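Positions are given from 1, in the same order as the sequence printed here. Every value quoted in this text rests on a predicted model; they were computed, and no experiment measured them.
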Amino acid sequence: MELNQYIKLLKKNTLFILVLSVLGLTLATFMTKSLPSGFGQTQTFYINAPIIQDEENSAFFTQERARNFTDSAVSILESSDFKNEVLLSPGQAISAKKTAPQIIQISSSAQNSNDAQALMQKSVKTFNSKLVQFSQSQSPMQIQPVGQPQNPAEIVVNTKIFSLFCLLLGFAFSFLALSL
């Protein structure tokens with residue numbers, strides 16, 4: 001096919017290309033309004049396990065227990081029951097992920113910075129108290145912050161960039177549909 005034939009094909013289907021491009025732009029506009037915005041705080045925590053004195057090689061087993069507990073800690077923090085107990089109001093969210101064998105990262109988001117900080121503090125306090133409540137030992141595992149907490153940062157989706165991206169995506173999709 002020559003360039004002249006491509007130009008004729010584009011002129012013939014200009015309306016189709018414009019409709020899909022505007023559809024992508026409209027979809028992006030509605031999506032950016034529904035995306036969360038506010039403030040978010042992320043903090044890293046270390047899972048600390050007390051040393052058990054009555055076991056041989058107690059330091060090794062203590063560290064292994066803490067490593068194995070990391071996945072369980074993330075699962076507890078991500079569970080809907082825990083989130084329902086911790087979340088103070090609608091528009092708040094909390095998430096956790098494992099970053100190393102005994103290290104987890106917890107993120108909280110809320111509409112203002114004070115609520116994001118309060119949510120982080122409440123999550124850690126509630127998690128540690130749950131471990132005390134469920135543990136059979138005198139000194140259960142706890143999560144402890146690594147370093148000082150950072151100030152919450154504003155979470156904002158750039159609507160212009162997102163809309164431009166979706167406009168171009170609609171344009172590309174229309175070209176793909178035409179080429180098929």
By side chain to side chain contact (heavy atoms under 4.5 Å, CB included) - contacts of Asp71 (at least two apart): Lys98
Applying side chain to side chain contact (heavy atoms under 4.5 Å, CB included) between Gln43 and each of Ser107, Ser123, Pro149, report the one that passes. Pro149
With Lys125, which residues qualify under salt bridge (charged side-chain N to carboxylate O under 4.0 Å, His left out), at least two apart? none
Within the distance-only criterion (no hydrogens, no angle test), does the side chain of Ser108 pair as donor or acceptor with the backbone N or O of Ala116 below 3.5 angstrom? yes
Under 3.5 Å donor-acceptor, Thr70 side chain and Pro101 backbone: yes
Only counting residues at least two apart or in another chain, list the ones meeting side-chain hydrogen bond (donor to acceptor under 3.5 Å, both in side chains) with Lys122. none
Note: with side-chain heavy atoms under 4.5 Å as the link, the other cluster members for Val22 come out as none
All salt bridge (charged side-chain N to carboxylate O under 4.0 Å, His left out) counterparts of Lys83, not counting sequence neighbours: Glu78
Return the CD1 to CG distance between Ile47 and Leu131, rounded to the nearest 0.5 Å. 9.0 Å
Provide the full list of side-chain hydrogen bond (donor to acceptor under 3.5 Å, both in side chains) pairs with a residue in residues 110-121, sequence neighbours left out, each pair given once. Asn112-Asp115
Is there side-chain contact between Thr99 and Ile104, with at least one heavy-atom pair below 4.5 Å? no
Salt bridge (charged side-chain N to carboxylate O under 4.0 Å, His left out) pairs, two or more places apart, involving residues 147-156: none
Applying salt bridge (charged side-chain N to carboxylate O under 4.0 Å, His left out), which residue pairs with at least one partner in residues 5-24 are found, sequence neighbours left out? none
Apart from Phe39 itself, residues in the same hydrophobic cluster as defined by side-chain heavy atoms under 4.5 Å: none
Residues that, via side-chain heavy atoms closer than 4.5 angstrom, fall in one hydrophobic cluster with Leu15: Val19
Report the relative orientation of the aromatic rings in Phe82 and Phe127; use parallel for angles under 30°, tilted for 30 to 60°, perpendicular for over 60°. perpendicular
Residues in side chain to side chain contact (heavy atoms under 4.5 Å, CB included) contact with Tyr46, at least two apart in sequence or another chain: Asn48, Gln102, Ile103, Val146
Within the structure provided, determine whether Gln150 and Thr42 are in side-chain contact (heavy-atom separation under 4.5 Å). no
